[in-house]
Amino acid sequence: MLACNQQVTVWNRNPARCFPLEALGARRADSPAAAALEADWLITVLSDGPTTQDVLINQVGEALQGRRVIQVGTIAPAESQALARSVAELGGRYLEAPVLGSRPEALAGTLQLMSGGPAELVQEAMPLLHQLSQNPQHLGCVGSAMTAKLALNQLIASLTHAFSLSLHLVQQGGVEVELFMNLLRRSALYAATFDKKLQRELSGDYANPNFPTAHLRKDLNLFITAAQQAGLDSEGLKGLAALLERSAKAGLDDLDYCALHELTAGRTAAAGPG
């Protein structure tokens with residue numbers, strides 16, 4: 001947004017994370033409320049639902065009067081709906097806008113963005129949304145975009161887990177990895193994420209993550225809860241969720257999410273480049 005000549009005020013729970021944006025021309029606020037008072041649009045990208053609730057409702061609070069919120073962080077659909085009600089009670093308007101993609105896509109403005117909220121607010125937000133995504137998709141009311149985002153992130157977890165297991169097995173069975181990949185690439189089973197993560201998994205280098213393992217675990221658990229609330233049988237995901245629960249103790253939480261490759265190998269400590 002700075003590249004699009006927007007005037008941007010930033011706040012982060014860790015002030016040091018604002019420094020790169022300040023260097024590019026952003027102004028840093030001392031509090032969420034102070035940031036809100038300088039802007040018509042508030043964009044939040046926080047780690048989870050309770051944190052987002054605390055920052056927006058408890059800390060920004062009355063400063064939401066007359067302001068519009070674009071909530072990007074991945075939270076539960078029910079949490080997003082509750083936030084929308086709380087923002088409205090404080091005189092603001094709320095739009096959820098989770099994205100698929102990470103830092104490279106964000107910098108290029110090519111994130112896949114899905115929005116949930118009133119159609120008129122989506123239209124008001126379009127000039128901003130187009131700075132993040134070439135083709136923002138309005139999916140419906142608040143909760144719809146978060147539902148779609150959880151469905152997509154469940155596929156990230158499941159595909160990464162499935163590929164990791166297959167890769168380990170062919171290696172232990174003496175099959176040359178590239179021969180296996182050639183078969184896979186020519187099949188209907190192939191997903192681009194397999195090649196995207198292949199070299200990381202072969203080398204054991206999971207540093208500089210765009211999406212850490214801890215966030216993958218959080219989102220998978222949100223999906224399981226949402227699926228159960230919808231009356232679906234998510235029993236098949238319980239093993240993967242249990243596997244990811246071992247991530248913190250193994251030192252993998254802050255590494256790229258494909259570090260679950262270490263867990264499927266039965267390892268209990270983080271691996272470095274190798």
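Quick note: residue numbers are just sequence positions, from 1. Computed from a predicted structure; not experimentally measured.
- One hydrophobic cluster, built from ILVMFWY side chains closer than 4.5 Å, cannot hold both Leu165 and Tyr190; they sit in different ones.
- Among residues at least two apart or in separate chains, there is no side chain to side chain donor-acceptor pair (under 3.5 Å) pair with a member in residues 106-115.
- Atom CG of Leu243 sits about 5.0 Å away from atom NE2 of His161, to the nearest 0.5 Å.
- With rounding to the nearest 0.5 Å, the separation of CG in Leu184 from CG in Leu179 is 12.5 Å.
- The minimum heavy-atom distance linking Ala119 with His138 is given by the pair CA-CE1, 3.7 Å.
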List the atom pairs, with distances to 0.1 Å, where a side-chain N or O of residues 24-35 and a protein N or O form a donor-acceptor pair under 3.5 Å, not counting sequence neighbours.
residue, atom, partner, partner atom, Å
Arg27, NH2, Glu38, OE1, 3.2
Arg28, NE, Glu22, OE2, 3.1
Ser31, OG, Ala34, N, 3.0

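- In this structure, the side chains of Leu152 and Met114 come closer than 4.5 Å at one or more pairs of heavy atoms.
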>> Working note: Lys149 + Glu96, criterion salt bridge (Lys or Arg N to Asp or Glu O under 4.0 Å); need CA distance, chi angles, decisive distance, verdict.
In response: CA-CA 11 Å; Lys149 181 58 163 56; Glu96 61 183 19; over 6 Å; no
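- Glu124 contributes no side-chain N or O that, together with a main-chain N or O of Leu121, makes up a donor-acceptor pair within less than 3.5 Å.
- At least one side-chain heavy atom of Ser234 sits less than 4.5 Å from a side-chain heavy atom of Gln228.
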>> One pair to check against side-chain contact (heavy atoms from CB on, under 4.5 Å): Thr52 and Gln71. What are the steps and the verdict?
In response: CA-CA 9 Å; Thr52 306; Gln71 202 298 103; 3.9 Å; yes
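- Proximity of a side-chain donor or acceptor of Ser133 to a complementary backbone N or O of Leu111 within less than 3.5 Å is detected.
- In terms of heavy-atom proximity, Leu139 sits nearest to Ala145 at CD1-CA, 4.0 Å.
- For Tyr94, there are no ring-ring contact (aromatic ring centres under 6.0 Å, His included) partners, not counting sequence neighbours.
- Side chain of Ser187 to backbone of Leu189: a donor-acceptor contact under 3.5 angstrom is found.
- Listed by chain and number, the residues in a side-chain hydrogen bond (donor to acceptor under 3.5 Å, both in side chains) with Lys197 are Asp256 (sequence neighbours excluded).
- In this structure the side chain of Arg67 never reaches within 4.5 angstrom of the side chain of Asp40, judged on heavy atoms.
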Please tabulate, one pair per line, all N/O donor-acceptor pairs under 3.5 Å involving side-chain atoms of residues 97-109, not counting sequence neighbours.
residue, atom, partner, partner atom, Å
Ser102, OG, Glu105, OE1, 3.4
Glu105, OE1, Ser102, N, 2.9

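- Shown here for Leu95 and Gly116, the closest heavy-atom pair between the two residues is CD1-O, 3.4 Å.
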>> Under the criterion side-chain contact (heavy atoms from CB on, under 4.5 Å), I'd like the reasoning laid out for Phe223 against Leu237: C-alpha separation, chi angles, the key distance, then a yes or no.
In response: CA-CA 10 Å; Phe223 176 88; Leu237 292 175; 3.6 Å; yes
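- In this structure, a donor-acceptor pair under 3.5 Å is present between the side chains of Ser158 and Gln154.
- The hydrophobic clustering, which links ILVMFWY residues whose side-chain heavy atoms are closer than 4.5 Å, places Phe211 and Leu263 together.
- Across all non-hydrogen atoms, the minimal contact from Thr193 to Tyr257 is OG1-OH, 3.9 Å.
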For residues 56-63, please give each side-chain donor-acceptor pair under 3.5 Å, one per line with the distance, not counting sequence neighbours.
residue, atom, partner, partner atom, Å
Asn58, ND2, Asp54, OD1, 3.0
Gln59, NE2, Asp54, OD2, 2.8

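- Shortest non-hydrogen contact noted between Cys258 and Thr160 is CA-CG2, 3.9 Å.
- Arg186 meets the side-chain contact (heavy atoms from CB on, under 4.5 Å) test with Asn182, Leu183; sequence neighbours excluded.
- Heavy atoms of other residues, nucleotides or ligands lying less than 6.0 angstrom from CG of Asp48 number more than 12.
- Side-chain atoms of Glu201 and Tyr206 include no donor-acceptor pair closer than 3.5 Å.
- Follow the hydrophobic side-chain contacts under 4.5 Å out from Leu252 and you reach Leu240 in the same cluster.
- Among pairs with a residue in residues 112-122, none fulfils salt bridge (Lys or Arg N to Asp or Glu O under 4.0 Å), at least two apart in sequence or across chains.
- No side-chain N or O of Asp253 forms a donor-acceptor pair with one of Thr213 less than 3.5 Å apart.
- In this structure Arg200 satisfies the side-chain hydrogen bond (donor to acceptor under 3.5 Å, both in side chains) test with no other residue, sequence neighbours excluded.
- In terms of hydrophobic clustering, with Ile, Leu, Val, Met, Phe, Trp and Tyr side chains grouped at heavy-atom distances under 4.5 Å, Leu64 and Val142 are assigned to a common cluster.
- By the 4.5 Å heavy-atom criterion applied to side chains, Thr147 and Pro77 are counted as neighbours.
- For His168, the ring-ring contact (aromatic ring centres under 6.0 Å, His included) partners are His261, not counting sequence neighbours.
- Put simply, CG on Leu155 and CG on Leu150 are 11.5 Å apart, with the number rounded to the nearest 0.5 Å.
- Under the 4.5 Å side-chain criterion, counting only non-hydrogen atoms from C-beta, Asn221 is in contact with Glu245.
- Within a 6.0 Å sphere centred on CZ of Arg17, heavy atoms belonging to other residues, nucleotides or ligands number 12 at most.
- Between Leu167 and Gln171, the closest side-chain pair of non-hydrogen atoms falls below 4.5 Å.
- The pair Arg185-Glu178 meets the salt-bridge criterion, since a charged nitrogen lies less than 4.0 angstrom from a carboxylate oxygen.
- Take Gln172 and apply the side-chain hydrogen bond (donor to acceptor under 3.5 Å, both in side chains) test, not counting sequence neighbours, and it matches no residue.
- Looking at Gln199 and Asp205, their side chains never come closer than 4.5 Å, going by heavy atoms from C-beta outward.
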> Where do Val177 and Leu202 land on the side-chain contact (heavy atoms from CB on, under 4.5 Å) test, with the steps shown first?
Replying inline: CA-CA 9 Å; Val177 169; Leu202 292 177; 4.3 Å; yes
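- Remark: Leu113 CG to His130 NE2 distance equals 9.5 Å, nearest 0.5 Å.
- If you chain together hydrophobic residues whose side chains sit under 4.5 Å apart, Leu37 and Leu42 never meet in one group.
- Interatomic distance, Arg217 CZ to Leu220 CG, rounded to the nearest 0.5 Å: 10.5 Å.
- With sequence neighbours excluded, the residues satisfying side-chain hydrogen bond (donor to acceptor under 3.5 Å, both in side chains) with Asn135 are Gln137.
- Counting only heavy atoms from C-beta outward, the side chains of Asp219 and Leu222 approach each other to under 4.5 Å.
- Nearest heavy-atom pair across Thr74 and Met146 is CA-SD, 4.2 Å.
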> Do Leu244 and Leu260 pass the side-chain contact (heavy atoms from CB on, under 4.5 Å) test, and can you show the C-alpha distance, the side-chain angles, and the key distance before you say yes or no?
Replying inline: CA-CA 7 Å; Leu244 287 169; Leu260 70 81; 4.1 Å; yes
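- The aromatic rings of Phe194 and Phe163 sit parallel, their planes meeting at an angle under 30°, below the 60° perpendicular limit.
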